[in-house]
Amino acid sequence: MKSYKAPRGMRDVLPEEMPAWQRLEATAHRLARLFGYSEVRPPLMEETELFTRSVGEVTDIVEKEMFSLKKGKTSLTLRPEGTAGVVRAYCQAGYAKRDPLQRLYYCGPMWRYERPQRGRERMFTQFGVECIGSADPRLDAEAIQLACRFFEELGLTGLEVRLNSMGDGDDRDRYRDAVRGFFEPKRAELCELCQDRFERNVLRVLDCKNPSCQELAIGAPVVLDFLSEENAAHFADVQVALKSLGREPIVDPGIVRGLDYYTKTIFEIHAPAIGARSAICGGGRYDHLVRDLGGPDVPAVGFAIGFSGTLIMLEELGLMGDLKPVAPDAYVACLTGGDDDAALRREVLCVADELRAAGVSAIFDVDERSFKGQMKAIAKGGYRLAVIVGEDELARGVVQLKDLGAREQTEVPRADLASAAKGLLGG
RNA sequence: GUGGGUAUAGCUCAGUUGGUUAGAGCACCGGAUUGUGAUUCCGGGGGUCGGGGGUUCAAGUCCCCUUACCCACCCCA
């Protein structure tokens, strides 16, 4: 018989791991709402073209990482990132006319066809926010603050905010030309990869880790020198705003985001390195994306945080705590071995159902285990109450109700069980 | 996509230069006066050694292919 496995790079989140995931999700929802952001849930698939338009034709995501499927004439793609769908939803809902400033957030799965590695999966979860409708630098700072708060709420400290500005369209084009002009004479000396980068996205040459390329990059133009007065002022305002929030961003002209739509502010949040990567959050401003996707010309800023990297980091820093799945309140044990086990087995089902109806979560024994075995299982299971039903109790219309924490057991009439159980739990 | 490593019980791993019915710890199940949670002791179930092919009298062990995971690149959350 063939056995089946989850698709490559995709994994099950089992109940054992769920508390950790739910903690991240709860933190994301709570913080986003605290900052006035509203949840939005676009479809998990969009027209392929939406991504090629927004993310950019020559990005790795579009060139080789999209999960796409074709039905008839339409090509759909599982979202490789969240911004495109949110922006599309913003446009489609017509917010620009009725209520242009929207603070939106999402949390859910994304897909990219990449070679899996620790902290990098083909299906992964991101929490992201998008503030659409204003270019106010305070909103850039707000987004960064929100991201930092997320990590801090989870207990991560020593975070590093790296900040840069890409300028706006014109600035960026002039800068790119300058960098191209700078490397043109040295082109042959660049590493093989950078030769390719020179063609595809020359700014990435600045980011190369190859020592000889770094050597060649010394004296290269700095993007910040190319900013218009207005964009430089915006960048300065973002920094001032962050400092007034108590943040100490590091201006790093080397960070270059992989998606084409970014303008002006871009940032990454780094934590103590895990494996190959340390950036656990990336984001920035994208003032023209809404327009480029056919909407009104409104500016926006946002970020995305990956859950797997965050979880790995929490784990390695020992910040997971002792999270365990929550057990039901009560376990209804069945003492079989008498004359009418069938009646007993029906009885435990009914007892559990009565508890549930009263708001006490409960499960009943279905294993053919010894009573001692059941008691062991109950002890390990983390239940607070045990209800024990045997032949004798059934005949007398009572049950044994045991408070597992206090190790005290009392006999209660069936009719009083639910209220007695609630009393023990509530008290 | 490139380079390297790993794959033996549910989990963590032993397995000697190829040589009998493949082991341990933990976990699981049962028992130790027939209806009560710990510890201890005793016993038990469970693996076609990732999958496929090859070499050999003989393969968990050697060779090839394949799949998955891990690490480093690329890139990125």
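Small disclaimer: the values here were computed from a predicted structure and weren't measured. Below, chain A is the first sequence line, B the second, and so on; all start at residue 1.
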Select base, sugar-phosphate, or nothing to describe what [X] touches, counting heavy atoms under 4.0 Å on all strands.
X	result
A/I378	nothing
A/G9	sugar-phosphate
A/Q374	nothing
A/E16	nothing

Give me the distance, rounded to whole Å, that separates B/G30 from B/U36 when you measure between the P atoms they each carry. 15 Å
For [N] and [X] - does any side-chain N or O of the residue sit under 4.0 Å from the phosphate oxygens OP1/OP2?
X	N	value
A/K64	B/C75	no
A/R118	B/C71	yes
A/S308	B/A77	no
A/S370	B/G31	yes
A/R115	B/C74	no

Salt bridge present between A/E152 and A/R247 (N-O < 4.0 angstrom): yes
Test: A/R88 and A/E47 ion pair at under 4.0 Å: no
Under 30°, 30 to 60°, or over 60°: which ring-plane class applies to A/Y105 and A/F127, parallel, tilted or perpendicular? perpendicular
Give a yes or no on whether a donor-acceptor pair under 3.5 Å exists between the nucleobase atoms of [N], that is its base, and the side chain of [X].
X	N	value
A/E114	B/A77	yes
A/E393	B/G35	yes
A/K402	B/U36	yes
A/R120	B/C75	yes

[options]: which one has an atom nearest the side-chain heavy atoms of [X]?
X	options	value
A/K376	B/A38, B/C28, B/A77	B/A38
A/D392	B/C70, B/C29, B/G35	B/G35
A/Q400	B/A72, B/G35, B/G37	B/G35
A/F371	B/G1, B/A77, B/U36	B/U36

B/U2 -> Watson-Crick or G-U wobble partner, both distances under 3.5 Å, gives B/A72
